[in-house]
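Counting from 1, the numbers follow the sequence of the chain as shown.
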Amino acid sequence: MLRKGISSYITENSDWHIFAEAEGLEEIPQIIEKISVLNSEQAGQGQIVAVVDIQIKGNSDYAYNGFEAVRMLSKADAYPYKI
C-alpha cells in the first residue's frame with residue numbers, strides 16, 4: 001500500500017515516471033534488465049531513482065531484504081548510477 005502511495009505521489013507531483021515496481025526480490029533481475037534496455041535506448045541520459053522498501057518480500061525470512069535489493073541494483077553492470 002505504501003509503495004502504491006509513493007508511486008502515485010511521484011507521478012502526480014513531479015515530471016518523473018515510474019517504469020518499474022517490485023513486490024519481491026525475485027523481480028529485481030527483470031527490473032535491472034529493463035534499466036539496461038532503457039540506458040541503451042537513451043545512451044545513459046537521465047537519472048534513475050529507486051525507492052526500495054527495506055522489508056521487500058524475499059525467499060527467506062530475513063526482515064531486511066531491501067538491503068539485498070539495493071545491493072543487486074547497485075552492483076549490476078547495466079546500472080550506471082549508484083543508489
Enquirer: I'd like to know if L2 and W16 are part of one continuous hydrophobic network [Ile/Leu/Val/Met/Phe/Trp/Tyr, side-chain heavy atoms within less than 4.5 Å].
Expert: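 Yes: a chain of side-chain contacts under 4.5 Å links W16 to L2.
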Enquirer: If you compare all heavy atoms of A50 against all heavy atoms of L73, which two are closest, and at what distance to 0.1 Å?
Expert: CB-CD1, 4.0 Å
Enquirer: If you compare all heavy atoms of S7 against all heavy atoms of I18, which two are closest, and at what distance to 0.1 Å?
Expert: O-CG1, 4.0 Å
Enquirer: State the CG-CD1 distance between L25 and I56, to the nearest 0.5 angstrom.
Expert: 5.5 Å
Enquirer: Look up atom CD1 in I31 and atom CE in M72, then write down how far apart they are to the nearest 0.5 Å.
Expert: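 Reported value, rounded in 0.5 Å steps: 9.5 Å.
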Enquirer: Determine, step by step, whether E23 and R3 satisfy the salt bridge (Lys or Arg N to Asp or Glu O under 4.0 Å) criterion, reporting the C-alpha distance in whole Å, the side-chain angles of both residues, the deciding distance to 0.1 Å, and the verdict.
Expert: CA-CA 9 Å; E23 289 188 23; R3 178 175 47 87; 3.5 Å; yes
Enquirer: Which residues pass the side chain to side chain contact (heavy atoms under 4.5 Å, CB included) test with F19, not counting sequence neighbours?
Expert: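 Side chain to side chain contact (heavy atoms under 4.5 Å, CB included) list for F19, sorted by chain: K34, I35, L38, I48.
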Enquirer: So, E12 side chain and Y9 main chain: donor-acceptor pair closer than 3.5 Å or not?
Expert: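 Checking the backbone N and O of Y9 against the side chain of E12, no donor-acceptor pair under 3.5 Å is found.
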Enquirer: How far does CD1 of I6 sit from OG1 of T11, to the nearest 0.5 angstrom?
Expert: 11.5 Å
Enquirer: Within the distance-only criterion (no hydrogens, no angle test), does the side chain of N65 pair as donor or acceptor with the backbone N or O of K57 below 3.5 angstrom?
Expert: no
Enquirer: Just by modelled atom types, is the K4 backbone N or O under 3.5 Å from a matching donor or acceptor in the S8 side chain?
Expert: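 Flag set: sc S8 to bb K4 pair under 3.5 Å.
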